[in-house]
Amino acid sequence: MKIGVFICHCGSNIAGTVDCAAVAERASTYPDVVYATDIMYACAEPGQDAIIAAIKKHGLTGVVVASCTPRMHEPTFRKAVERAGVNRYMFEMANIREHVSWIGKDIEANTNKAAELVRMAAAKLRLDRELKPKSFPVTKRLLVIGGGVAGIQAALDAADAGLEVVMVEKQPTIGGKMAKLDKTFPTVDCSSCILGPRMVDVAQHPNITLYAYAELEEVSGYVGNFDVKIRKKATYVDWDKCTGCGLCTEKCPSKKSYDRFNEGVGPTTAIIIPFPQAIPKKASIEREYCRQFNKGKCGVCAKVCPTGAVNYEMQDETVEVKVGGIVAATGYDLVDWKVYSEYGGGRYPDVVTSLQYERMLSASGPTGGHVKRPSDGTEPVNVVFVQCVGSRDPSIGRPYCSGFCCMYTAKQAILTKDHIPGSQSYVFYMDIRSPGKGYDEFTRRVQEEYGARYVRGRVSMIYPKGGKLMVRGADTLMGTQVEVEADLVVLAVGAEASANSSALAEKLRISYDGYGFFMEGHPKLKPVETNTAGVFLAGSCQGLKDIPSSVAQGSAAAAKALGLLSRDMLDSDPQIASVSVNRCVGCRKCIEVCPFKAIQEVDMRGQPKAEVIETVCQGCGLCNATCPQGAIQLSHFTDNQILAEVEALCRF
């Protein structure tokens with residue numbers, strides 16, 4: 001075997017604390033190394049050209065590059081050696097930046113360690129074998145989970161490009177949180193005027209199949225060929241017959257149901273159409289509030305329905321779909337603000353959340369756009385906004401900033417002045433975070449033009465007094481205690497990952513962080529991809545973001561999906577596990593630990609054996625580490641290859 005070794009300076013990142021020339025000189029003495037040199041920037045075009053030229057000149061059959069993290073540049077170098085005629089898996093990479101040069105400043109120690117890592121990589125390379133990927137067909141259909149603005153954007157972009165799209169939304173209507181907003185910042189334009197046409201486009205697009213009031217039940221398969229089970233929850237109304245006339249909602253005698261769409265600002269009926277612009281505009285029955293289900297008698301909606309759409313015997317249905325890629329756009333939920341007993345903990349009716357206040361401001365809301373105190377229906381004069389309720393608070397496990405609360409509070413203060421010209425708004429804040437285009441100007445505008453009084457400090461207590469609410473806090477800029485008499489208090493509630501996001505992540509076999517947000521493949525280079533091939537992310541399921549960022553990420557996810565599904569055939573990664581049937585005893589431990597369900601049990605001459613599903617396996621190695629018999633080996637990371645690295649280190 002002829003091995004070539006290339007030591008990268010990476011400018012001063014590596015060369016500043018490692019003698020790269022000395023490492024290359026030592027590498028030239030290693031077994032089977034016929035060529036070794038140092039390069040200023042190995043990943044740059046001149047560096048790759050130098051590697052290709054050396055392969056051809058010296059007839060190299062394997063290459064070691066010592067530079068930065070393989071996670072970032074291993075694919076780059078593999079493509080380079082492949083262009084030179086060498087199998088891409090006859091390449092090894094030693095990380096001497098993160099593992100060496102960035103750790104300490106002792107040049108001698110760093111140089112010795114870098115040389116050790118290069119020797120280990122060369123030892124492994126001598127046992128590498130040429131691997132070849134296998135090809136398989138692709139299903140040109142995309143699944144979008146979530147019908148918020150990010151999911152809508154992803155679905156429309158993919159559908160406009162000619163791809164079949166299946167959208168699954170757990171609520172009876174698409175639109176997500178944006179559909180509940182009255183106006184958007186920083187332009188203060190109508191939310192429904194922006195979102196409404198896009199929702200209609202989804203409903204009318206010939207390439208989009210919409211399953212509203214449905215949930216993802218199960219996902220199996222692999223990139224390009226996912227088998228998906230979707231559970232359509234019973235609405236007790238036949239949507240094929242329902243015309244959305246609303247007669248059933250008018251006649252329903254149950255008037256005390258909690259209105260989920262309006263955040264409980266006002267009661268609704270047991271049979272509902274969420275809002276006038278709902279897509280699909282179909283009725284559904286809230287079983288927990290329906291007299292027919294609870295008392296066994298009523299049936300008014302069935303009697304008045306002109307099309308006979310109401311069906312109390314309806315059951316959940318399961319739909320099976322085959323898709324090539326999946327976009328997760330499941331959005332976010334609001335933090336449970338009732339844990340804050342100092343703010344009333346839900347006891348005071350005139351302490352409302354920001355989203356409840358948004359529904360008051362909206363003309364399509366339960367108050368018709370008139371801001372009223374929930375306690376007595378009067379118009380408030382002094383409105384206090386409290387920032388960071390459930391954000392930047394480690395005490396409730398939410399130390400992160402939700403990102404958009406500062407901006408929507410400023411917007412609501414502007415709208416308050418527009419709705420109630422004689423009102424006065426107070427904003428208690430920790431810090432104003434407004435990094436978007438036109439955002440800082442917007443927050444200054446609310447203070448300078450609309451007279452909102454910003455008080456930098458936390459609110460310590462809210463308590464009722466004589467029909468008013470007393471808001472006690474601190475002004476840290478003045479160094480004084482502050483107490484404001486308020487008619488209405490609006491809590492800028494922070495956001496968190498949507499409910500059951502961790503369960504969905506496990507179904508999709510993707511990673512999620514400690515707060516439940518889905519993790520991207522790389523924070524900079526793969527912001528919409530996951531470590532599971534074929535699964536992409538869009539919107540706040542990956543991390544909290546505002547509407548423009550969610551829309552941008554929706555388009556990005558669609559672009560990645562289109563790039564994947566534009567091909568008729570895909571290549572599988574050959575770095576997967578394989579089973580030696582002679583050593584396998586059928587203990588099933590590998591099946592239990594595999595996070596991708598890539599191992600199945602098969603009967604072989606009456607004996608149970610493990611078998612790896614090649615297209616599903618992601619090469620994580622858990623099975624290899626778990627197997628007590630050593631019957632499973634990971635291609636390109638066999639036990640012998642790893643032991644060769646250890647022996648090379650011990651002999652150094």
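By convention here, the first residue in the shown sequence is residue 1. Reckoned from all heavy atoms, side chains included, excluding hydrogens, waters and symmetry mates.
Under a cutoff of 6.0 Å and an axis angle of 45°, Arg119 and Tyr30 form a cation-pi pair. Figure legend: Lys124 and Phe637 shown as a cation-pi pair, the cationic atom lying under 6.0 angstrom from the six-membered ring centre and within 45 degrees of its axis.
Counting heavy atoms from C-beta on, the side chains of Ser101 and Thr17 come closer than 4.5 Å. Under the 4.5 Å side-chain criterion, counting only non-hydrogen atoms from C-beta, Val579 is not in contact with Lys609. Looking at Arg26 and Asn112, their side chains come closer than 4.5 Å, going by heavy atoms from C-beta outward. In this structure the side chain of Arg567 never reaches within 4.5 angstrom of the side chain of Met569, judged on heavy atoms. In this structure the side chain of Tyr89 reaches within 4.5 angstrom of the side chain of Arg78, judged on heavy atoms.
Not one N or O on the side chain of Asp393 forms a donor-acceptor pair closer than 3.5 Å with the backbone of Pro399. For Ser550 (side chain) and Ala150 (main-chain N/O), no donor-acceptor pair under 3.5 Å exists by modelled atom type.
Rounded to the nearest 0.5 Å, atoms CG (Leu334) and OG (Ser402) are 9.0 Å apart. To the nearest 0.5 Å, atom CZ of residue Phe536 and atom CD1 of residue Ile326 are 10.0 Å apart. With values rounded to the nearest 0.5 angstrom, Tyr332 atom OH is found 11.5 Å from Glu496 atom CD. Note that CD of Glu645 is 9.5 Å distant from CG of Leu649, once rounded to the nearest 0.5 Å.
By the side chain to side chain donor-acceptor pair (under 3.5 Å) test, Gln171 pairs with no residue at all, sequence neighbours left out.
The environment of Glu288 atom CD is dense: over 12 non-hydrogen atoms of other residues, nucleotides or ligands sit within 6.0 angstrom. More than 12 non-hydrogen atoms from other residues, nucleotides or ligands lie less than 6.0 angstrom from NZ of Lys140.
When all heavy atoms are compared, the tightest approach of Phe6 to Ala54 is CZ-CB, 3.6 Å.
Using modelled atom types and a 3.5 Å distance limit, the side chains of Asn225 and Thr139 yield a donor-acceptor pair. A donor-acceptor pair shorter than 3.5 Å cannot be found between the side chains of Gln618 and Arg509.
The only option from Lys170, Arg231, Lys507, Lys232 that meets the salt bridge (charged side-chain N to carboxylate O under 4.0 Å, His left out) definition with Glu215 turns out to be Arg231.
Tyr400 and Tyr515 have perpendicular rings, their planes meeting at more than 60° on a 0 to 90° scale where under 30° would count as parallel.
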